[in-house]
Protein chains: 6
Amino acid sequence: MAAPILLLGSLLAMSSFLALAYDVKPLQDFCVADAKSSVTVNGLACKDPKKAKAKDFFFSGLHLAGNTSNAVGSIVTPVNVAQIPGLNTLGISLARIDYAPGGINSPHTHPRASEILTVIEGQLEVGFVTSNPDNRLIAKTLNKGDVFVFPIGLIHFQRNVGWGNAVAIAGLNSQNPGVITIANAVFGADPEIKSDILARAFQLDKNVIEFAQSKF
Amino acid sequence: MAAPILLLGSLLAMSSFLALAYDVKPLQDFCVADAKSSVTVNGLACKDPKKAKAKDFFFSGLHLAGNTSNAVGSIVTPVNVAQIPGLNTLGISLARIDYAPGGINSPHTHPRASEILTVIEGQLEVGFVTSNPDNRLIAKTLNKGDVFVFPIGLIHFQRNVGWGNAVAIAGLNSQNPGVITIANAVFGADPEIKSDILARAFQLDKNVIEFAQSKF
Amino acid sequence: MAAPILLLGSLLAMSSFLALAYDVKPLQDFCVADAKSSVTVNGLACKDPKKAKAKDFFFSGLHLAGNTSNAVGSIVTPVNVAQIPGLNTLGISLARIDYAPGGINSPHTHPRASEILTVIEGQLEVGFVTSNPDNRLIAKTLNKGDVFVFPIGLIHFQRNVGWGNAVAIAGLNSQNPGVITIANAVFGADPEIKSDILARAFQLDKNVIEFAQSKF
Amino acid sequence: MAAPILLLGSLLAMSSFLALAYDVKPLQDFCVADAKSSVTVNGLACKDPKKAKAKDFFFSGLHLAGNTSNAVGSIVTPVNVAQIPGLNTLGISLARIDYAPGGINSPHTHPRASEILTVIEGQLEVGFVTSNPDNRLIAKTLNKGDVFVFPIGLIHFQRNVGWGNAVAIAGLNSQNPGVITIANAVFGADPEIKSDILARAFQLDKNVIEFAQSKF
Amino acid sequence: MAAPILLLGSLLAMSSFLALAYDVKPLQDFCVADAKSSVTVNGLACKDPKKAKAKDFFFSGLHLAGNTSNAVGSIVTPVNVAQIPGLNTLGISLARIDYAPGGINSPHTHPRASEILTVIEGQLEVGFVTSNPDNRLIAKTLNKGDVFVFPIGLIHFQRNVGWGNAVAIAGLNSQNPGVITIANAVFGADPEIKSDILARAFQLDKNVIEFAQSKF
Amino acid sequence: MAAPILLLGSLLAMSSFLALAYDVKPLQDFCVADAKSSVTVNGLACKDPKKAKAKDFFFSGLHLAGNTSNAVGSIVTPVNVAQIPGLNTLGISLARIDYAPGGINSPHTHPRASEILTVIEGQLEVGFVTSNPDNRLIAKTLNKGDVFVFPIGLIHFQRNVGWGNAVAIAGLNSQNPGVITIANAVFGADPEIKSDILARAFQLDKNVIEFAQSKF
């Protein structure tokens with residue numbers, strides 16, 4: 001799973017120092033993120049609006065397939081405020097997801113966005129799990145042109161169940177939706193969550209937990 | 001221009017009686033719109049969450065081209081809460097837009113959403129205009145895989161400037177973004193805005209205004 | 001129409017470089033806009049609250065008639081955060097509108113505010129148009145002491161239909177409501193929206209469009 | 001003080017059973033309050049939007065002076081969602097305030113709105129007090145055409161310090177701003193706050209407290 | 001782990017059919033949840049405010065220790081809108097957590113609240129994990145009188161590392177914060193998430209996954 | 001009453017120059033307040049998130065009783081963003097309140113938070129007053145383990161009616177809730193509200209008002 005996370009990591013690296021705005025209405029026509037600002041606020045400092053250019057609202061390359069040669073067989077190409085500074089304060093972003101045959105987009109949550117996903121190519125099995133106490137799995141197999149919704153904060157996943165590659169485009173209602181990949185956050189935290197805590201939480205042997213931790 | 005508007009109209013008709021929620025956070029995992037509810041509130045009444053099904057979060061057919069044989073040479077296929085009841089309260093939707101060669105998506109605003117548009121096929125010229133006093137046009141020509149952003153409330157448009165058909169997918173951060181097509185709202189209001197008001201506003205002869213009104 | 005827009009323009013010029021806050025609750029008793037701050041955020045930097053003075057919450061002169069000698073016969077005197085720095089973050093503003101006999105406040109939208117208008121003097125015909133697909137005109141003739149409401153984002157207008165001058169005061173629920181005058185944004189964009197796009201959108205001859213563009 | 005409060009009371013009585021919306025964005029073009037709905041929610045149920053009429057957005061009579069013959073010498077004429085059902089969800093309202101010579105609008109808070117007040121006639125002394133620990137009084141004398149701002153939640157007041165009557169119009173950024181008149185809520189609560197609590201809080205003799213309570 | 005979840009489940013059962021409001025400001029002084037209402041909205045229907053009683057704002061018994069005899073050695077006693085109907089729309093709740101020696105409050109998220117936790121008795125090791133790509137563990141050992149914060153949406157946990165029982169009280173900024181216990185949602189979803197998806201996501205053998213699933 | 005207010009004052013002094021965020025969602029995992037930032041915005045500037053430490057989310061000493069030797073016989077120990085910089089943007093805080101026998105927490109409002117209070121020790125009489133026109137007192141006597149709710153913006157108070165000391169812990173849904181102690185703001189404003197205004201508002205003799213003012 002390292003690969004897509006790392007890519008996502010590097011793509012988000014730019015924004016991780018920045019405190020990006022979501023859920024806060026634009027307070028002017030737009031507020032293009034100012035990459036040179038030294039100020040870090042709850043929401044990103046803006047360029048002088050008179051200096052905003054069309055390229056501040058632009059991104060290129062979403063038609064290009066990502067490289068799915070990694071442990072989970074999928075890769076996310078995000079198009080959020082880290083890629084398009086003009087998205088700052090606007091509360092919307094996109095992502096392209098490529099899946100090798102059998103590839104999964106591992107169970108994860110977006111703490112700051114709901115997601116609406118369209119299958120551009122291939123066949124996906126998708127699902128989300130409701131919160132306690134029911135933990136109901138709501139799942140469906142999607143084909144080309146099908147659309148599915150993942151509510152904010154809920155654990156969800158996709159798997160390519162078709163014969164070939166699959167491609168999806170997802171809309172998210174935040175310019176900085178955030179991603180918490182469950183396996184990485186639980187078994188790959190840095191420093192590690194103590195293995196006896198996880199053993200009791202997951203009711204697994206401590207050795208199994210430590211083996212899982214060694215993978216992340 | 002009648003055709004896409006009419007289609008959009010019929011698609012939105014279901015929702016026009018409903019008072020749909022946007023910009024209000026989900027107050028539970030989800031709140032699937034209850035089509036049978038007689039209550040009309042600022043936000044739609046929900047089904048019993050235990051009765052929510054996967055199909056409440058599902059839509060099919062976004063891979064199908066719309067019919068662009070109309071006055072403006074374009075057609076919008078919306079995927080919002082009128083099509084997917086599970087989008088209720090989630091603040092996100094999609095739309096597919098098809099353009100015949102030379103077709104335009106006429107200048108319009110979304111009063112309740114910013115938009116992020118991806119070109120799936122073809123070549124589009126797109127732009128938006130900033131508010132008073134500058135009224136700056138920020139425009140760009142987009143190719144396959146290019147992405148562009150239209151900030152909430154601003155007048156924007158697209159035109160197919162390629163040789164063949166063009167297709168775009170747009171994400172909008174509202175489950176009920178609303179559309180105000182400028183030409184239709186100004187010249188096609190029902191009943192009409194008096195022609196001498198429009199003549200003075202647009203500094204055109206009253207006959208020209210009335211001719212324009214006759215088209216909508 | 002140039003004159004009121006220009007005046008509005010110059011009044012807003014101060015604020016156009018600023019990224020002004022609306023729809024964001026005050027996070028302290030008040031946050032008086034700091035005109036000397038070099039920081040541009042989604043919401044304006046504040047003065048040290050201990051240095052706030054009564055004059056920061058004050059404006060003078062709303063009893064004075066504006067000069068309506070311009071193409072549309074009306075003039076807006078805004079009282080928003082550009083005039084009263086203490087309005088920053090408070091989400092409210094006022095405007096006075098003067099109308100010569102027959103003068104209009106041209107069809108426009110406020111992307112960030114609903115408006116409640118009171119007729120102080122004279123007689124006005126007012127209206128707004130609902131969004132697609134109905135584009136219903138909801139209109140009324142108002143006399144002294146009458147109040148009318150224009151919902152956020154909808155196209156609306158006023159016309160002086162009385163014998164003498166008319167005066168209105170409008171409350172708006174944003175300290176930076178924004179104005180998009182339709183005629184100016186569509187026919188007066190800078191650079192221009194290409195005339196063949198507008199010709200197809202408005203179903204008018206290209207020459208007519210170009211004539212209209214020459215007026216703005 | 002009874003009179004203005006009573007009038008305000010009777011005007012608000014209609015709305016006090018209703019759970020009115022503020023600070024919740026309109027989720028459609030408008031949501032005219034349905035006076036016949038039996039549903040009480042956090043926000044008022046709406047009429048079918050197709051049945052909305054111009055009169056739903058209309059109020060008449062704000063040019064008429066209120067009767068200031070009461071203990072405090074002032075009277076408020078509110079124009080909020082209780083008077084204009086079309087204000088429901090729109091987050092804006094007005095009020096007219098009449099002051100006899102020497103009349104006061106007693107210290108009060110609006111728990112759900114900031115206020116911007118314009119003097120239409122006469123001369124007012126106005127002020128607000130900041131929160132703990134400073135409790136700074138920020139005050140000013142206003143003349144015709146002057147505008148002043150009272151931030152949300154802060155205690156504020158006005159007094160007519162001119163020779164004749166005074167009139168003000170106030171905009172408030174809520175369709176249901178709420179009023180807490182300090183003297184009435186503290187000394188006129190029903191049932192009474194025990195006098196020894198108030199005696200200790202105000203560091204006054206219990207007899208003085210009970211005398212004050214007898215007035216409300 | 002079943003026990004605390006089941007208890008939480010039964011406590012939340014009342015509210016799970018209800019669509020409870022968080023993050024939506026009160027639109028009146030209060031909106032006591034009406035347990036008899038058949039209407040399900042994004043936010044709960046209110047009782048007539050004139051019928052609100054002191055007991056609608058009241059809960060009793062938070063001084064009583066919960067029963068920690070369960071798989072994880074801890075138990076949560078929630079005090080949210082399911083227990084206090086007067087919390088409806090107010091955006092705040094509490095919980096008491098009891099921990100047997102060595103007991104854990106298993107890694108979980110609150111999709112709708114940040115949490116501030118105070119140790120009333122005993123010693124706790126607590127932590128949360130940041131989102132991708134860093135997945136940083138921020139952890140601390142707390143003693144009586146210590147306070148710690150868990151930001152909204154992030155995975156967090158507590159463990160009793162003292163010699164005796166431990167007790168904490170947590171404030172949460174939602175009247176319906178929601179809980180997603182990671183182990184339960186991932187390994188105990190109903191129906192199950194397919195074991196090969198989890199095997200690939202957690203990089204564990206399918207048998208290990210199925211063994212874990214058998215525990216939940 | 002001076003003592004607790006002064007303490008609260010000194011505790012809040014740090015934050016009073018800062019423009020602290022409430023009611024604005026976190027726009028990233030967290031935004032630890034940067035005490036060294038010179039920028040004052042609607043919401044506090046953040047430290048580089050990579051430099052956030054566990055101690056930024058930590059406070060110690062809430063088990064310690066405050067000193068209630070003051071005019072009102074109570075003392076508040078706040079734990080908000082002034083004490084825990086990691087609370088910035090998270091919208092939650094706590095406070096401990098100690099009461100000597102007979103001590104009161106004087107009538108006050110929180111302009112930016114609802115409150116949920118738990119009695120840890122002793123017996124309290126608590127109440128809040130609804131807004132105009134009813135000004136209903138909703139009151140109850142609480143014992144150890146009882147919980148009560150005070151809705152945002154309403155005047156509320158507590159009094160120790162037990163034989164010994166009392167202790168309560170309150171959760172508030174803002175990291176900077178604000179406090180307006182009615183007696184202090186009305187009779188202790190600086191500079192003073194003119195005594196004849198208060199005399200008319202409270203229908204008390206001017207001498208009584210001036211005596212009360214001399215106490216604050």
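Residue numbering restarts at 1 for every chain, and letters A, B, ... go by the order of the sequence lines. All heavy atoms count here, side chains included; hydrogens, waters and symmetry mates do not.
- Here the side chain of R96(F) pairs no donor or acceptor atom with the backbone of V167(F) at under 3.5 angstrom.
- Below 30°, between 30° and 60°, or above 60°: for F187(D) and F216(D) the angle between ring planes is below 30°, a parallel geometry.
- Of the residues considered (D196(D), I155(D), I197(D)), I197(D) shows the highest number of contacts with chain F, using heavy-atom pairs under 4.5 Å.
- By the 4.0 Å N-to-carboxylate-O rule, K194(F) lies close enough to E125(D) to be salt-bridged with it.
- When G153(D), P191(D), A212(D) are compared by the number of non-hydrogen pairs under 4.5 Å with chain F, P191(D) comes out ahead.
- With a 4.5 Å cut-off on non-hydrogen atoms, E192(D) touches chain F through its backbone but not through its side chain.
- With a 4.5 angstrom heavy-atom cutoff, R159(D) touches chain F only via side-chain atoms.
- Proximity to chain F is absent for every atom of I138(D), based on heavy atoms less than 4.5 angstrom apart.
- In this structure a side-chain-to-backbone donor-acceptor pair under 3.5 Å is missing from R112(F) to I152(F).
- Using the six-membered ring where Trp is involved, F128(F) and F150(F) have ring planes that are perpendicular, over 60° apart on the 30 and 60° scheme.
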